[in-house]
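Read the structure below first, then the notes.
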Amino acid sequence: MENQTSKIVFYKSRSLAGRFSAAFDFIENNFKVLAKFSSFIILPVAVLLSLFFIVYNNFAAQIVQGNIGASGLTKYLVLVSALVLVCIIGDILFKGTVFALVKEYSLRESIARLSFKEMKNKLVANIKRFLIVNLVLALLLIVYMALLAGLLFLSPWTLVFTFPFLLFITIPFTYAQEIYMFEDIKVMAAVKKGFKLGIPNWAGTFFLLILAEIFALIIQCIAFTPWGVGSFVQSLSFSSILDGNVSTLPTYFSILMFLLSVIGYFVSYLAQLLPTISMMFQYFSATQKQLEKDIEQNQSL
């Protein structure tokens with residue numbers, strides 16, 4: 001582990017364990033400010049998602065009971081679409097904020113005392129930039145999926161070749177986000193450079209993200225465990241009502257479930273700090289290694 005009291009160097013060649021350790025150290029050293037700024041984004045999103053889920057459960061219960069018509073199904077689809085949209089918007093706002101704070105860290109001795117007023121314009125600029133790169137990546141994904149659908153129409157056996165290829169190019173596309181956010185570069189140039197960095201470092205990037213996502217998933221599962229227990233109790237009560245019995249749950253149970261859901265979503269977003277910042281340190285390390293390689297090649301000429 002790196003010294004927690006010293007400033008963490010970004011552009012430095014690190015091993016797989018070193019990159020993960022650096023990301024963990026950065027989060028640990030700056031967790032308060034990361035959580036403070038992120039709360040402005042993820043707390044409202046967590047509340048919205050919890051409210052959506054309550055309505056979603058009501059619709060699902062009506063569908064099971066057969067008490068919903070065609071118009072109700074349309075509302076149900078609209079609700080699901082709105083839920084997905086809120087998740088996407090929340091992710092963009094959250095990660096745009098994290099990028100802004102990481103970039104600010106490189107310019108200061110410490111970000112512990114940053115105020116929202118100081119960061120307001122930078123937050124807006126980084127969120128816009130993150131939105132742009134993700135829109136471009138989404139469009140490229142749609143084009144690829146359209147080609148995949150066309151090939152699948154010709155023969156299902158094309159999946160044998162196209163799915164591994166899709167998995168392979170995901171890593172270079174992931175680099176495009178970091179390149180566009182940390183460098184003064186156009187979007188398509190960032191995508192192109194992403195392949196230059198991503199392909200040589202594919203295995204290391206893949207295993208780092210898997211490791212970080214596993215840790216994040218464990219945290220998310222723990223965060224949602226109380227809510228999951230409550231949902232199980234609710235399902236037993238619902239089954240009892242269908243059998244003609246009276247619900248024995250207290251009146252405040254729904255409020256408790258709502259609060260547990262908000263906490264679960266909030267902690268789940270914070271858990272994504274680890275994969276997000278791990279990928280940043282992967283980018284820093286890959287960039288430094290590429291720079292050192294270019295210097296060696298120039299010296300050998």
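All values below come from the heavy atoms of this structure, side chains included, with hydrogens, waters and symmetry mates left out. As the structure is a prediction and not an experimental result, all values here were calculated from the model.
In terms of hydrophobic clustering, with Ile, Leu, Val, Met, Phe, Trp and Tyr side chains grouped at heavy-atom distances under 4.5 Å, F116 and F94 are assigned to a common cluster. Cluster annotation: V124 is not connected to L131 through the hydrophobic network of ILVMFWY side chains, with a link wherever side-chain heavy atoms come within less than 4.5 Å. A single hydrophobic cluster is seen to contain both L85 and I127, as judged by linkage of ILVMFWY side chains at heavy-atom distances under 4.5 Å, directly or through other members. Under the 4.5 Å side-chain contact rule for hydrophobic residues, L137 and V84 share a cluster. Taken together through direct or relayed side-chain contacts under 4.5 Å among Ile, Leu, Val, Met, Phe, Trp and Tyr, L141 and M188 form part of one hydrophobic cluster.
Put simply, CD1 on I277 and CG on D25 are 11.5 Å apart, with the number rounded to the nearest 0.5 Å. The distance from atom CG of L259 to atom OG of S254, rounded to the nearest 0.5 Å, is 11.0 Å. Atoms NZ and CE, on K95 and M181 in that order, are 11.5 Å from each other to the nearest 0.5 Å. Between atom CG of residue L208 and atom CG of residue L16 there is a gap of 5.5 Å, rounded to the nearest 0.5 Å. Atom-to-atom distance recorded for E28:CD and S21:OG is 9.5 Å, nearest 0.5 angstrom. Put simply, CG on N121 and CG on N126 are 11.0 Å apart, with the number rounded to the nearest 0.5 Å.
Put simply, the side chain of V98 reaches to within 4.5 Å of the side chain of L273, judged on heavy atoms. In this structure the side chain of Y180 reaches within 4.5 angstrom of the side chain of I132, judged on heavy atoms. Looking only at side-chain heavy atoms (C-beta outward), K289 and K12 stay at 4.5 Å or farther from each other. For the pair Y175/F195, no side-chain contact is recorded, criterion being any heavy-atom separation below 4.5 Å from C-beta on. In this structure the side chain of F253 reaches within 4.5 angstrom of the side chain of V233, judged on heavy atoms. Contact check for D91 versus C87: no side-chain heavy atoms found under the 4.5 Å cut-off. With a 4.5 Å cut-off on side-chain heavy atoms, I179 and L197 count as touching. Annotation: side chain of I171 is in contact with side chain of L209 (closest heavy-atom distance under 4.5 Å).
Listed by first and then second residue, the side-chain hydrogen bond (donor to acceptor under 3.5 Å, both in side chains) pairs that reach into residues 132-150 are N134-Q177, sequence neighbours excluded. Screening residues 118-142 for salt bridge (charged side-chain N to carboxylate O under 4.0 Å, His left out), with sequence neighbours left out, gives E104-K122, R108-E118. For residues 191-201, every residue pair satisfying the side-chain hydrogen bond (donor to acceptor under 3.5 Å, both in side chains) rule, not counting sequence neighbours, is listed here: E183-K193. Screening residues 255-267 for side-chain hydrogen bond (donor to acceptor under 3.5 Å, both in side chains) gives S50-S261 as the qualifying pairs, with residues at least two apart or on separate chains.
Minimum heavy-atom separation, A176 to V133: O-CG2, 3.9 Å. Taking every heavy atom of both residues into account, K103 and F182 meet most closely at CG-CE2, 3.4 Å. Listed here is the closest heavy atom pair of R14 and V9: NH2-O, 2.6 Å. Heavy atoms only, all atoms of each residue included: L83 and F52 are closest at CD1-CB, 3.6 Å.
Heavy atoms from other residues, nucleotides or ligands lying under 6.0 Å from CZ of F168 number more than 12.
Between the side chain of R19 and the main chain of F281, no donor-acceptor pair closer than 3.5 Å is present. Between the side chain of S278 and the main chain of F20, no donor-acceptor pair closer than 3.5 Å is present.
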Side-chain atoms of residues 215-226: list all donor-acceptor pairs with protein atoms under 3.5 Å, sequence neighbours left out, distances to 0.1 Å.
residue, atom, partner, partner atom, Å
Q220, NE2, S268, O, 3.2
T225, OG1, C221, O, 2.6

Extract all donor-acceptor atom pairs below 3.5 Å that involve side chains of residues 31-49 and protein atoms in other chains or at least two apart in sequence.
residue, atom, partner, partner atom, Å
K36, NZ, L114, O, 2.7
S38, OG, L34, O, 2.6
S39, OG, A35, O, 2.5

request  = Output, in order, the C-alpha distance, side-chain angles, deciding distance and verdict of side-chain contact (heavy atoms from CB on, under 4.5 Å) for L93 and F130.
outcome  = CA-CA 8 Å; L93 293 175; F130 192 74; over 6 Å; no
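Among F10, Y105, F26, the one residue that satisfies the ring pair (Phe, Tyr, Trp, His ring centres under 6.0 Å) test with F284 is F10.
At a cut-off of 3.5 Å, with distance as the only test, a side-chain donor of Q282 or T205 sits close to an acceptor on the other residue.
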